[in-house]
Amino acid sequence: MALYSEKVMDHFRNPRNVGVIEDADGVGEVGNAKCGDIMKMYLKIDDDTITDVKFETFGCGSAIASSSMATELIKGQPVSDALKLTNKAVAEALDGLPDYKMHCSVLAEEAIKNALDDYYSKNPDKRKE
Ligand code: FES
């Protein structure tokens, strides 16, 4: 069996939503101290919906594929759904990642959560418990 699924290879070779949103409503950056990889997510939020999302990832192929898939999963979705996105869901949407590459998908989950934290810190009135 191939180490990486076709979906991982596709999102690695043709990542979706790469770039920067200059006037983002929330920005989140995370890194993994062990491998040194860094991921940054930019969110545009309107009326509790993620209207646009872009990412920059300086990291391995699995991190790039995970960021790309994560942006596809949350784009156009309610903020409440994005908050619930887990790294497992990202890895499953990619048809799996090797065990030792699961931490790459964790970066995607954390970067989105950090970006949403940033959004809520700028818009405290929007936070719902
Ligand atoms: Fe570090 Fe993939 S090896 S994010």
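One-based numbering along the sequence shown.
Considering all non-hydrogen atoms of both residues, Gly59 and Ile64 come closest at O-CD1, 3.7 Å. Of all the heavy atoms in Gly96 and Val8, the pair that sits closest is O-CG2, 3.7 Å. The minimum heavy-atom distance linking Ala89 with Leu73 is given by the pair O-CD1, 4.3 Å.
Between atom CZ of residue Arg127 and atom OH of residue Tyr119 there is a gap of 10.5 Å, rounded to the nearest 0.5 Å. A distance of 11.5 Å separates CD of Gln77 from NZ of Lys75, quoted to the nearest 0.5 Å. Between the CG atom in Asp46 and the CG atom in Asp52 there is a gap of 11.5 Å [rounded to 0.5 Å]. With rounding to the nearest 0.5 angstrom, the OG1 atom of Thr57 is 11.5 Å from the CZ atom of Phe12. For the atom pair OG1 (Thr71) and CG (Asn17), the distance works out to 3.5 Å, reported to the nearest 0.5 Å. Atom NE2 of residue His103 and atom CD of residue Glu110 lie 11.0 Å apart, to the nearest 0.5 angstrom.
Hydrophobic cluster membership is shared by Met39 and Leu83, with clusters built from Ile, Leu, Val, Met, Phe, Trp and Tyr side chains linked at under 4.5 angstrom. Taking hydrophobic clusters as Ile, Leu, Val, Met, Phe, Trp and Tyr residues chained together by side-chain heavy-atom distances below 4.5 Å, Leu43 does not share a cluster with Ile21. Hydrophobic clustering (side-chain heavy atoms under 4.5 Å, transitive across Ile, Leu, Val, Met, Phe, Trp, Tyr) groups Val20 together with Val27. Cluster annotation: Ile38 and Val18 are assigned to distinct hydrophobic clusters (Ile/Leu/Val/Met/Phe/Trp/Tyr, side-chain heavy-atom contacts under 4.5 Å, transitive).
Although no hydrogens or angles enter the test, the distance criterion places a donor-acceptor pair under 3.5 Å between the side chain of Arg16 and the main chain of Asn14. Ser66 places a side-chain N or O within 3.5 Å of a backbone atom of Ser62 that can act as its donor or acceptor partner. Between the Asp10 side chain and the Glu6 main chain, no donor and acceptor come within less than 3.5 Å of each other.
Every residue two or more places apart in sequence or in another chain that forms a side-chain contact (heavy atoms from CB on, under 4.5 Å) with Pro78 is listed here: Ser80, Asp81. A search for side-chain contact (heavy atoms from CB on, under 4.5 Å) contacts involving Asn87 returns Met102, Ser105, Val106, Glu109, not counting sequence neighbours.
Using a 4.0 Å cut-off between a side-chain N of Lys or Arg and a carboxylate O of Asp or Glu, Lys122 and Asp118 qualify as a salt bridge. Under the 4.0 Å criterion applied to side-chain N and carboxylate O atoms, Asp48 and Lys126 are not assigned as salt-bridge partners.
Side-chain contact between Cys35 and Cys60 is absent, with no heavy atoms from C-beta onward closer than 4.5 Å. For the pair Phe55 and Pro15, the minimum side-chain heavy-atom distance is below 4.5 Å. Counting heavy atoms from C-beta outward, Asn114 and Met41 have side chains that stay 4.5 Å or more apart. Using a 4.5 Å heavy-atom threshold, the side chains of Lys7 and Met69 count as touching. Side chains of Val79 and Thr49 form no contact here, defined as non-hydrogen atoms less than 4.5 Å apart. Contact of the Ile112 side chain with the Leu85 side chain is registered, since non-hydrogen atoms from C-beta on lie closer than 4.5 Å.
Under the side chain to side chain donor-acceptor pair (under 3.5 Å) criterion, the residue pairs touching residues 34-44 are Asp23-Lys44, Tyr42-Glu56, with sequence neighbours excluded.
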Q. For Ile45 and Leu116, what are the C-alpha separation, side-chain angles and deciding distance, and is it a side chain to side chain contact (heavy atoms under 4.5 Å, CB included)?
A. CA-CA 9 Å; Ile45 297 171; Leu116 288 170; 3.9 Å; yes

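Between Asp95 and Ser5, the side chains place no donor N or O within less than 3.5 Å of an acceptor N or O (distance only, hydrogens not considered).
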